[in-house]
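First listed ligand is number 1; within each ligand, the first listed atom is number 1.
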Amino acid sequence: MNKLFVLPLILLFSCNNKPIKAKVEVIPYAIVIHGGAGNITPNNFSKAKQEQYKKVLNKALAKGYTVLEKGGTSIEAVQQTITVLEDSPLFNAGKGAVFDSEGKNRLDASIMDGKTLQAGAVAGVSNIKNPILLAKTVMDKSKHVLLSGIGAEKFAEQNHIQFEDDAYFYTKRQADYLKKVQKREREESLQSSASIYKGRSPFLLGRLGWEKYGTVGCVALDKNGNLAAGTSTGGLTNKKFGRIGDSPLIGAGTYANNATCGVSCTGIGEYFIRTLAAHEVSNLIKYKQLSAKEAIKEVVHTQIDTLGGVGGMIVLDNKGNVAWDFNTSGMFRAYKKSTGENEIAFFKEKAVGKLEEK
Ligand code: ASP
């Protein structure tokens, strides 16, 4: 019982005051993460690569789960989990983030507390080691929700947030990918990276090699029944003109509300902004009484799909139900619940397996 959060405990009494029925709803604590959606198939991911990703996802999940296990808050769990993913060069967040058109890493992140509906976010920041920590600091120590660019960096300095030089964020993989995208855009003479994808089916995008995986996100439900969600990204490769995606926008890429669920999204942000995807999932649960699974299916496969968008999302509802969905060929994802249920998966077809025991 100590590992379980119990809500509500309803005792019904008969006329002679003897309990006649006890209904106990047991809600597990739980954590779910993603590491981005995109063109992820067994064919373009060697077994060795899969092992590398599995290891980091395991480590991140274990970090957040331990926070929850020890009675910590979901906000703490989300921030610590995302920090592990930001510190890995495998993902498009923190170290290893994508480059914009100027060859710079400009990072976006957000975090939201489902109990208080407080939120913090940063957009277009450079040289911040852990943007998710900065987003949480915005939530905790400023009266604002979203800070951007140089202003956000000044705020980071004042709050003793760790900076790193450009070399820390650099990976050859992302430098090569920038060259590839720039070449493709030159060839297609397109004005914006988003327009590359406009109107094209996910199937076609898969064939075009849309490889935008790597944004990271996490949703957690703690022992007190409080939800939190967070997302961190470098955005889209070769982004221009101060482009900001959905990840730092509360309601688009991230949302948490104890009344419904927590959500973190990944994909081409423009579509998630236009559909207010994360908040839409919460609304569908609240006003249409859809399950988390049904709500996410509606948003990903109807609303985003109809606009020609691609991506995916993870959801954890206030009863501890986990759901995930995507219209790409894969999405890095994993979850663990205090009931013992867990899964780690990359592709559409089947799960990669169970999580490693700590
Ligand atoms: N959603 C992110 C953005 O548009 C990118 C991603 O999830 O891969 O900035």
Do N258 and N226 have side-chain N/O donor and acceptor atoms under 3.5 Å apart?
->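 Side chains of N258 and N226: pair found under 3.5 Å.
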For A295, does its backbone N or O pair with a side-chain atom of E298 as donor and acceptor, under 3.5 Å?
-> no
What atoms of ligand 1 come within less than 4.0 Å of a heavy atom belonging to G235?
->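 What qualifies from ligand 1 is 9 (O).
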Donor-acceptor list for residues 94-101 side chains, cut-off 3.5 Å, not counting sequence neighbours:
from: K95; atom 1: NZ; to: Y168; atom 2: O; distance (Å): 3.2
from: D100; atom 1: OD1; to: E102; atom 2: N; distance (Å): 2.9
from: D100; atom 1: OD1; to: G103; atom 2: N; distance (Å): 3.2
from: D100; atom 1: OD1; to: K104; atom 2: N; distance (Å): 2.9
from: D100; atom 1: OD2; to: R106; atom 2: NE; distance (Å): 2.6
from: S101; atom 1: OG; to: K239; atom 2: O; distance (Å): 3.4

Check each atom of ligand 1 against the heavy atoms of D246 and keep those under 4.0 Å away; list them by number with element.
-> 1 (N), 2 (C), 3 (C), 4 (O)
Find all atoms of ligand 1 within a distance of less than 4.0 Å from any non-hydrogen atom belonging to T266, and give their numbers and elements.
-> 6 (C), 7 (O), 8 (O)
Is S247 near ligand 1, meaning one of its heavy atoms is under 4.0 Å from it?
->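 Contact present.
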Heavy-atom distances under 4.0 Å are what count here, so tell me which part of C265 touches ligand 1: side chain, backbone, both or neither.
->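 Within the 4.0 Å criterion, C265 makes no contact with ligand 1.
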Heavy-atom gap N92 to ligand 1 smaller than 4.0 Å | no
Give every donor-acceptor pair under 3.5 Å between a side-chain atom in residues 279-288 and any protein atom, sequence neighbours left out.
from: E280; atom 1: OE2; to: Q303; atom 2: NE2; distance (Å): 2.8
from: S282; atom 1: OG; to: T260; atom 2: OG1; distance (Å): 2.8

Salt-bridged, K172 to D176, with N to O below 4.0 Å?
-> yes
Nitrogen or oxygen of D108 less than 3.5 angstrom from that of ligand 1 |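 There is no such contact.
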In terms of side-chain heavy atoms, does T254 have a donor or acceptor partner in T231 at a distance below 3.5 Å?
-> yes
Would a distance-only check, ignoring hydrogens and angles, find a side-chain to backbone donor-acceptor pair under 3.5 Å from D246 to A252?
-> no
Which segment of K239 sits under 4.0 Å of ligand 1 when only heavy atoms are counted = neither
Which residue from G269, A277, G267 reaches closest to atom 5 (C) of ligand 1 through any of its heavy atoms?
->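 Among G269, A277, G267, the closest heavy atom to atom 5 (C) of ligand 1 comes from G267.
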Under a heavy-atom criterion of less than 4.0 Å, does E270 contact ligand 1?
-> no
Taking only heavy atoms of G245, which atoms of ligand 1 are found under 4.0 Å from at least one of them?
-> 9 (O)
Please determine if T215 has a nitrogen or oxygen closer than 3.5 Å to a nitrogen or oxygen of ligand 1.
->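 Yes - when backbone and side-chain N and O of T215 are compared with those of ligand 1, one distance drops under 3.5 Å.
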Would you call the rings of Y65 and Y29 parallel, tilted or perpendicular if under 30° counts as parallel and over 60° as perpendicular?
-> tilted
